[in-house]
Structure formats: structure tokens, C-alpha cells
A.B. asks: 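Below is a structure I'd like to ask you about.
Protein chains get the first letters and strands the later ones, always in sequence-line order, with residue 1 at the start of each.
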4 protein chains.
Amino acid sequence: MTSAQTNRMNIRYTDKRQRILDATMELIAENGLHNTPMSQVSKHSGVSAGAIYHHFPSKEVLINQLYLLEKQRVMDATFGELDNTLDYRQQFYQLLELTYGYFIRYPQKLSLMEQCANSPLISEDTLKAKLNYEQIAAQFILRGIEQGQLKDLNLALLMSLLFSQIVALVKLPSVGQPVTEQLKQQAFDCCWDSVSA
Amino acid sequence: MTSAQTNRMNIRYTDKRQRILDATMELIAENGLHNTPMSQVSKHSGVSAGAIYHHFPSKEVLINQLYLLEKQRVMDATFGELDNTLDYRQQFYQLLELTYGYFIRYPQKLSLMEQCANSPLISEDTLKAKLNYEQIAAQFILRGIEQGQLKDLNLALLMSLLFSQIVALVKLPSVGQPVTEQLKQQAFDCCWDSVSA
Amino acid sequence: MTSAQTNRMNIRYTDKRQRILDATMELIAENGLHNTPMSQVSKHSGVSAGAIYHHFPSKEVLINQLYLLEKQRVMDATFGELDNTLDYRQQFYQLLELTYGYFIRYPQKLSLMEQCANSPLISEDTLKAKLNYEQIAAQFILRGIEQGQLKDLNLALLMSLLFSQIVALVKLPSVGQPVTEQLKQQAFDCCWDSVSA
Amino acid sequence: MTSAQTNRMNIRYTDKRQRILDATMELIAENGLHNTPMSQVSKHSGVSAGAIYHHFPSKEVLINQLYLLEKQRVMDATFGELDNTLDYRQQFYQLLELTYGYFIRYPQKLSLMEQCANSPLISEDTLKAKLNYEQIAAQFILRGIEQGQLKDLNLALLMSLLFSQIVALVKLPSVGQPVTEQLKQQAFDCCWDSVSA
DNA sequence: GATGAATGAGGATTCATTCAT
DNA sequence: GATGAATGAATCCTCATTCAT
């Protein structure tokens with residue numbers, strides 16, 4: 001087998017794998033974790049049922065991996081995009097903006113995460129791995145504490161409070177409350193007031 | 001039918017209905033919304049499969065009603081228990097304490113609510129009814145605004161921010177962070193800082 | 001128990017029995033033999049489920065008896081109403097008119113009979129009893145043969161041919177063909193031509 | 001996919017589909033439309049329960065399709081076999097013979113058709129499609145009228161009268177009357193007399 | 001490796017019948 | 001006798017997974 005062939009196959013392999021993951025997320029966001037049979041994933045992704053099981057040993061594993069992958073992507077798209085030339089408070093607001101914007105842009109991803117977060121389908125191992133991905137968030141919070149910008153409290157607490165408030169904001173429209181630019185800024189202020197020193 | 005008979009029947013009726021609801025909640029909290037077949041609800045509640053359908057026309061309705069009932073109960077057990085002789089800030093902290101305590105005491109209920117909140121099984125009607133039950137919360141927030149204790153922001157926003165933070169606190173142990181009395185008080189302060197004027 | 005009491009009870013008994021039979025027929029005609037649960041018969045007749053089983057040992061028996069009863073009623077309402085002062089041919093046409101009119105007036109009855117006629121729910125015994133009820137028809141046909149008005153053929157054949165054609169006429173609208181007075185008379189002529197000498 | 005593969009698959013596909021249809025017809029004729037669970041169809045056809053649903057989306061659709069298919073087959077086996085070198089009256093008698101013979105040879109098919117004809121399981125669409133299949137009968141009748149052989153009456157009426165009489169003849173044995181060759185010929189004459197000019 | 005038809009255990013729901021009151 | 005809640009076997013259908021091709 002030539003290196004070109006290997007390469008092409010990897011591309012294809014990744015391609016199929018990604019198509020499966022994409023289809024799964026779309027369907028789960030649309031129809032729910034349990035109204036998404038593998039047969040639909042197959043149809044929607046254009047990958048045959050058998051081939052899906054070549055990439056993922058079971059539906060459970062597929063969903064766990066999807067969940068982790070998306071977790072990673074949110075972290076990258078938010079903490080990974082921070083402008084280090086800004087001061088801490090500005091970075092804090094930038095983080096809120098990035099996170100809020102990400103979920104507004106990809107509402108499916110929030111839907112997926114929320115459904116998975118409370119599902120017994122997600123394994124302990126996955127939850128542990130998820131915590132690892134959140135290290136980058138922990139470091140950001142820690143820096144804030146060290147700089148005297150944030151309350152000197154438990155890291156996990158601060159992260160949870162922060163994330164939960166952003167999600168609450170993103171979901172406001174789902175309880176009938178549209179989010180204007182002004183409302184968003186006010187919410188961001190609440191977040192800051194919640195954890196700032 | 002004598003009044004005694006009526007009474008006995010109502011007791012029985014309520015009894016069975018309640019046993020079904022209780023069993024359903026326990027099983028959903030334990031195994032998840034979709035790993036809870038009606039046959040298990042039947043076994044666990046001691047009510048035959050057919051009889052469940054005398055009380056609830058379908059699994060969907062059963063779960064929707066259960067969700068609403070529990071929503072109502074949380075509201076009663078929290079906002080309903082506030083001590084009106086206290087000043088606003090004290091009531092605010094009492095509310096946090098009551099809500100936190102309720103979910104710590106009945107972790108199943110939080111599990112149920114979180115699973116339902118993101119499930120397509122919950123109907124639009126149920127969500128509307130849920131909003132109604134939350135009127136009492138809205139009034140509490142409104143009072144805080146009028147008294148100048150809370151930020152003069154959108155009601156739905158303040159409620160969502162508040163509730164999401166309490167839930168985040170209750171779930172801290174599930175991300176490996178035990179909650180001490182001190183941590184709890186600090187979290188409550190964050191909540192207050194988040195929304196207070 | 002006084003005779004008056006007995007009498008009253010019989011009236012009631014018959015009344016309930018009849019209400020059950022009526023409800024059953026209406027529901028079967030409306031929803032079909034197998035979309036008619038006993039619970040609906042109970043609701044529609046106003047007779048409790050338990051009481052129905054006091055009058056009929058099973059759904060099967062109920063339907064068999066209903067079928068026989070209605071068979072008897074058609075025979076009474078048709079052959080039983082013939083005007084003996086008319087000549088044979090006139091009586092023949094009167095019979096067609098009566099039978100056609102009966103089923104047009106009570107379409108539920110035809111629906112019931114057709115559903116039952118081809119159902120394994122109807123027992124051999126019921127079918128035999130049905131043949132007995134048709135003796136009156138056999139006699140009418142026989143008279144026609146003796147008078148040289150009808151073909152001298154097998155009785156069962158003539159009866160079947162006749163009855164099947166009337167039913168075919170009654171059901172014409174169900175295949176999209178309305179029945180005018182003229183069409184009806186033409187159909188009657190066909191019947192006559194079919195079996196007349 | 002090679003052409004041989006395609007061919008083999010089609011054979012198999014048709015084979016399984018046909019086995020399901022065959023089993024369904026046999027069971028319905030034997031036990032009735034509503035005493036024929038899909039599990040029995042599965043056992044009797046040798047096709048797994050799930051696989052049946054690959055071929056037919058529901059029991060209802062299965063039965064509707066079976067009904068239509070059989071309707072089509074009767075039409076083919078009767079009107080499709082007429083000898084056009086014969087004169088009209090001879091063809092008429094040939095048609096009676098073919099139809100009678102078909103149902104005597106396949107009594108299950110008559111049982112199926114009669115059960116379906118009066119069942120709410122059969123959809124409006126199926127009934128419309130059935131009417132289409134009967135066009136060939138309508139043409140045959142029309143030709144008879146044009147040639148002055150049949151009464152100049154409504155097409156639907158003549159068809160219904162004719163078909164109902166043949167069915168009545170086929171079912172004579174079920175009311176205890178065996179059909180001899182002579183009786184059959186006499187019945188055919190009745191049919192002819194019924195509609196001939 | 002890829003396909004997608006096939007499997008069959010498991011799920012929600014119905015309903016004839018019973019029986020405690 | 002009357003009631004109607006309760007029973008639970010039976011039904012239709014789904015879907016994760018496998019495997020012959």
C-alpha cells in the first residue's frame with residue numbers, strides 16, 4: 001500500500017467518521033437522544049449501518065465520543081480564542097461573548113450537551129475525560145483569582161456558576177424571552193458580579 | 001354510594017396514582033427517562049400494567065404530569081415556605097437554602113427535572129403550565145426589584161440566572177467537588193452578588 | 001317477590017339487554033367488529049361492564065345473539081309484511097322493496113350482517129339457527145315455484161341469488177353509484193328476470 | 001453490484017415478500033382478519049417479525065396491499081383469460097365459469113376478499129384503486145350493451161349484480177348446499193337472464 | 001471493507017374478563 | 001345484583017446489532 005493510498009483512506013475514514021458524528025448530532029438535536037435510531041443515523045449520514053459499527057462499536061460509544069468531541073470543540077472555540085492582549089476583565093467578557101455566540105450559532109450543540117449531561121448513556125469515563133477538557137477553563141479562572149480579579153473561591157464552583165449562567169442566558173428564548181443586545185450585556189454583568197472580587 | 005365509600009375510593013385512587021408517580025420518579029432518576037419501561041413502573045409500584053393506563057392515558061402523559069407535579073412541589077417547598085417576617089435579603093438567602101436543601105434531600109427530583117427539561121417528551125402545554133407555576137417566583141423577584149434590592153432587569157433573566165446557579169451548586173458533587181457549609185455560603189453570596197442592586 | 005316486582009325487573013332486564021344490543025350494533029357498524037371493545041359497549045349503552053356479563057357470558061355470545069336477533073328482525077320486517085292479497089309477482093316486487101327499504105333505513109344492520117357473515121366469531125350453531133330463520137323465505141320461494149312463477153331450481157340457490165342481488169343494490173352507493181328510483185326499479189327487474197320462469 | 005447480484009437479490013426480495021403475502025392470506029382465510037397476529041404471519045411465512053416490517057410498514061398496509069394484489073389477480077385470471085374468438089354470450093358464460101372456478105380453486109381468496117370488503121382496515125385509497133382494477137370488467141359489460149346483448153343499464157349496477165350472484169353460487173356449499181355441474185349451469189343461466197337484453 | 005436485509009428481544013398499549021366492594 | 005377498577009396476556013411495532021453476500 002502506498003503512502004498516498006493510506007492518506008486517501010485516512011481522509012475517507014475521517015470523512016465517514018465525521019459524517020456519522022455530524023448526522024448523529026443533528027438528529028439528536030432535532031429528535032432527541034432516544035428518537036434517533038442508528039438506522040436514521042445511517043440514512044442521514046449516507047454511511048451504511050454496518051459501516052457505522054466499523055467506526056463505533058456501539059451506539060453508546062458513538063454518543064459518548066460525540067459528546068466528548070463537542071465538549072472539546074466548545075472549549076477550543078471559546079477559551080482557545082481569547083485575546084491575550086486584553087486585560088482580565090475584558091477577556092472575561094470576551095469569554096462570555098464567545099461562549100454565548102457559539103451556542104447561539106450552533107444551537108444543536110447545546111441541545112446535545114444538555115441531553116447528554118443528564119443521560120445515563122454517558123459513562124463515568126466520559127465524564128472524567130470531560131473534566132480534563134475543562135482544565136483550560138480552570139486555568140483561566142485561576143489566573144483571575146491570582147490577579148485578584150475573581151473571588152478566591154473553589155475553582156469548580158466558580159466554573160459551574162459561570163457556565164450555568166451563560167447557558168441560562170442562551171436558553172432564555174426557549175422560555176419566551178428574546179435576548180436583545182442590551183439584555184445580553186446586563187446578563188454578562190450579572191456573571192461578572194457573581195464571581196468578581 | 002355512601003360518603004364513606006366515596007372517601008375510601010378516593011383514598012385508594014389517590015394512593016395508586018401516587019404509587020405510580022413515585023415509582024416512575026424513582027426509576028427515572030435511577031435508570032433514566034428511556035430506560036424506564038412501563039413494565040418496570042408496574043412492578044415497582046405494585047400496580048398492574050393495565051391499571052396504570054386507567055390513571056394515565058400514556059407514558060408520555062404520565063411523565064408530563066409527573067414533571068408538572070414535581071415542579072409544583074418544589075415551588076411550594078421553597079417559595080411557599082418563606083418567612084415573611086424577614087427582610088428581603090434574608091428571605092433571598094432563605095430561598096437559596098430551601099431550594100438547595102430540597103434538591104439535596106430529594107436528589108431524584110432534580111434528576112427528573114433535568115431529564116425532563118431537555119426531553120422532547122415534555123409537551124409545549126406542559127412547558128406553558130410550568131411557566132404558570134413559576135409566577136410565584138416572578139413575584140418574589142419583582143418585589144426585590146421594587147424594594148431596590150435587586151437589579152432592575154428582565155424578570156425571566158433574573159429567575160433563570162438564579163435557578164441555574166442553585167442547580168449548579170447542587171450538582172457540584174457530581175463533578176467531584178463536595179459541598180461544605182462554607183462553600184455553600186460562598187455560593188449563595190455569588191448568587192446574591194449576581195442579581196442584587 | 002310480588003308479580004309486579006318480577007314484571008318490573010323483567011322490563012328492566014329486557015331494557016338493559018336491549019340497550020346493550022343496540023349499543024353493540026351501532027358501535028360495530030360505526031367502528032367495526034374488532035374496534036368495538038366491551039368497555040365502549042358499556043359506556044355507550046350505559047350498562048356497567050360487569051352487568052353486560054350478567055346478560056351475555058362473553059363478547060362472542062353477545063355478537064352471535066345480536067346477529068341472530070337482527071337476522072330475525074329482517075325476516076320479520078320483510079317476509080312478515082307481505083300483502084297476501086297481491087299476486088305472486090307483485091309480492092315478489094314488494095319483497096324486494098321491503099328488503100331494500102329496510103337496509104336503506106337501517107344501514108347499520110346491513111353493516112353488522114356483512115361483518116358477521118364472514119367472521120370466524122359467528123359459530124356453526126348460529127349459522128344453523130340462521131338457516132332456520134330463513135325457512136319463511138324458503139316457503140315464499142317454494143310457493144313461487146309451485147305457482148309456476150319461478151324457475152324450478154334448488155331453493156337455496158334461488159334464495160342466495162335473490163338476497164345477494166338486493167344487497168348488491170343497497171351497496172351501490174358505496175362504490176360511488178347513487179340509486180335513483182328508476183335504477184332501483186331496473187334492478188328489481190333484473191332480480192325478477194334472474195329467477196322467474 | 002453485479003447484475004447477477006441484483007438479480008439474486010430481487011428474487012429473494014420478491015420471494016420473501018411473496019411468502020409474507022401468502023402466509024397472511026392463508027392465515028386470514030383460516031382464522032380471520034383479526035385472529036391473525038403478525039407473530040403468526042412471521043412463523044407461518046418463515047420471515048422474522050422485524051423483516052416483515054421491511055416489506056410492509058404496518059399490518060394495515062400489508063393487508064391493503066394483499067387485498068389489492070388479489071383483486072388484480074382475480075381480474076387477470078378471469079377477464080384476462082377470455083377467448084375473444086367466442087361470441088359475446090359464450091364469453092359471458094366463460095367468464096362465469098372462470099370466476100366460479102377461480103374461487104373454487106382458491107377458496108382462501110374469496111374468504112380474504114369478503115373479509116376485507118367489509119372491514120374498516122381497508123382504506124379509501126385501496127377502494128379507489130380497486131375500482132380502477134375493475135375497469136376491465138366495465139369494458140366487458142359495456143361491450144355487451146353495445147352489442148345489444150345486455151340490458152342498457154347502469155354499468156356499476158350490472159357489474160355488482162353479476163359478481164354478487166357468482167359469489168352467492170360459490171358460497172352455496174357453506175349454507176349446506178353442494179353445487180353440482182347441473183346446478184352450476186342453472187345458476188349461470190340465472191345470471192344471464194338477470195342482465196341479458 | 002462495505003452493504004443493508006434480517007433478527008428477535010423488548011417496549012407501549014389494549015381489552016376481554018373478573019371480582020372486591 | 002350492580003359497579004367499574006384491576007388484571008395480565010396478547011398485540012403491533014421498533015431498533016441495536018449482526019452477518020451473508
A.B. asks: What is the distance, rounded to the nearest whole Å, between atom CG of C/Leu33 and atom C1' of E/dT14?
C.D. replies: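 So the CG-C1' distance, C/Leu33 to E/dT14, works out to 16 Å.
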
A.B. asks: Consider the side chain of D/Pro37, meaning its heavy atoms from C-beta on, and name the nucleotide among F/dA6, E/dT17, F/dC12 that approaches it most closely.
C.D. replies: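 My answer, after comparing the listed nucleotides, is F/dC12.
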
A.B. asks: Find the distance A/Lys43:NZ to F/dT14:C1' and express it as a whole number of Å.
C.D. replies: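 Whole-Å distance recorded here is 12 Å.
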
A.B. asks: Between D/Ile63 (CD1) and F/dC12 (P), how many Å, whole number?
C.D. replies: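 Rounded to whole Å, this separation is 9 Å.
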
A.B. asks: Which one, F/dT11, F/dT3, E/dT7, comes nearest to the side chain of C/Ala51?
C.D. replies: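 Closest of the options to the side chain of C/Ala51: F/dT3.
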
A.B. asks: Whether C/His34 contacts E/dT14 is assessed here as follows: a side-chain N or O lying under 4.0 Å from the phosphate OP1 or OP2. Is that the case?
C.D. replies: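 For C/His34, the contact criterion (side-chain N or O under 4.0 Å from OP1 or OP2 of E/dT14) is not met.
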
A.B. asks: Is C/Thr36 close to C/Ile63 at the side-chain level, that is, under 4.5 Å between some pair of heavy atoms?
C.D. replies: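 In short, these two side chains do not touch, never coming nearer than 4.5 Å.
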
A.B. asks: Could you tell me if the side chain of D/Pro37 sits less than 4.5 Å from the side chain of D/Gln40, heavy atoms only?
C.D. replies: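 Yes - at least one pair of side-chain heavy atoms lies under 4.5 Å apart.
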
A.B. asks: Give the nucleotide from the list E/dA6, E/dT18, F/dA16 with an atom nearest to the side chain of C/Ala49.
C.D. replies: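 Shortest atom-to-atom distance from the side chain points to E/dT18.
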
A.B. asks: Find the distance D/Tyr53:OH to E/dA6:P and express it as a whole number of Å.
C.D. replies: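 That distance rounds to 15 Å.
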
A.B. asks: Between P on E/dC15 and CG on C/Asn31, what's the gap in Å once rounded to a whole number?
C.D. replies: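 Taking atom P of E/dC15 as the reference, CG of C/Asn31 is at 11 Å.
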
A.B. asks: Using atom CG of A/Asn35 as one end and atom P of E/dG11 as the other, report the distance to the nearest whole Å.
C.D. replies: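 After rounding, the reported distance stands at 16 Å.
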
A.B. asks: Walk me through it: do A/Glu60 and A/Asn64 pass the test side-chain hydrogen bond (donor to acceptor under 3.5 Å, both in side chains)?
C.D. replies: CA-CA 6 Å; A/Glu60 194 177 333; A/Asn64 274 270; 4.6 Å; no

A.B. asks: Consider the side chain of C/Met38, meaning its heavy atoms from C-beta on, and name the nucleotide among E/dT3, E/dT7, E/dT17 that approaches it most closely.
C.D. replies: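 The listed nucleotide nearest to C/Met38's side chain is E/dT17.
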
A.B. asks: Below 4.5 Å, heavy atoms only, C-beta onward: do D/Glu70 and D/Leu21 meet side chain to side chain?
C.D. replies: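 No, side chains not in contact.
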
A.B. asks: When you measure from the side chain of D/His54, which nucleotide among E/dT7, E/dT17, F/dC15 comes out closest?
C.D. replies: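 The listed nucleotide nearest to D/His54's side chain is E/dT7.
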
A.B. asks: Do the non-hydrogen side-chain atoms of A/Leu121 and A/His34 ever get within less than 4.5 Å of each other?
C.D. replies: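 They are in side-chain contact.
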
A.B. asks: Expressed as a whole number of angstroms, how long is the span from B/Phe56:CZ to E/dT14:C1'?
C.D. replies: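 Spelled out: CZ on B/Phe56 to C1' on E/dT14 is 18 Å.
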
A.B. asks: When you compare the side chain of D/His54 with that of D/Val47, does any pair of heavy atoms fall below 4.5 Å?
C.D. replies: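 When only atoms from C-beta onward are counted, D/His54 and D/Val47 do not touch, as no gap falls below 4.5 Å.
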
A.B. asks: Looking at CD of D/Gln65 and CG of D/Leu62, how far apart are the two atoms once the value is rounded to the nearest 0.5 Å?
C.D. replies: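 Output value for this atom pair is 7.5 Å.
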
A.B. asks: To the nearest angstrom, how far is B/Arg19 atom CZ from F/dA6 atom C1'?
C.D. replies: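 Rounding to the nearest Å, CZ of B/Arg19 and C1' of F/dA6 are 12 Å apart.
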
A.B. asks: Name the nucleic acid region contacted by B/Ser58, choosing base, sugar-phosphate or nothing; use a 4.0 angstrom heavy-atom cut-off, strictly under.
C.D. replies: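 Sugar-phosphate: the residue B/Ser58, judged by heavy atoms under 4.0 Å, touches backbone atoms but no base.
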
A.B. asks: Could you pick out which residue, B/Ile52 or D/Glu60, lies toward the 5' side of DNA chain F when each is mapped onto its nearest nucleotide?
C.D. replies: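 Nearest nucleotide further toward 5': that of B/Ile52.
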
A.B. asks: Using side-chain heavy atoms (C-beta onward) and a distance below 4.5 Å, is D/Leu69 in contact with D/Arg73?
C.D. replies: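 Heavy-atom side-chain distance check passes, below 4.5 Å.
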
A.B. asks: Using a 3.5 Å limit on both pairing distances, list the dot-bracket string of DNA chain E from the 5' end; Watson-Crick and G-U wobble pairs count, crossing pairs take [ ], interstrand pairs take |.
C.D. replies: .||||||||||||||||||||

A.B. asks: Nearest nucleotide by nearest heavy atom, which residue falls closer to the 5' end of DNA chain E, B/Pro57 or B/Gln40?
C.D. replies: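 Result: B/Gln40.
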
A.B. asks: Is any side-chain N or O of D/Lys16 closer than 4.0 Å to OP1 or OP2 of E/dA6?
C.D. replies: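 Affirmative; the distance criterion is met.
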
A.B. asks: On DNA chain F, does the nearest nucleotide to D/Ser39 precede the nearest nucleotide to C/Ser48 from the 5' side, or the other way round? Give the residue.
C.D. replies: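 Nearer the 5' end of the strand: C/Ser48.
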
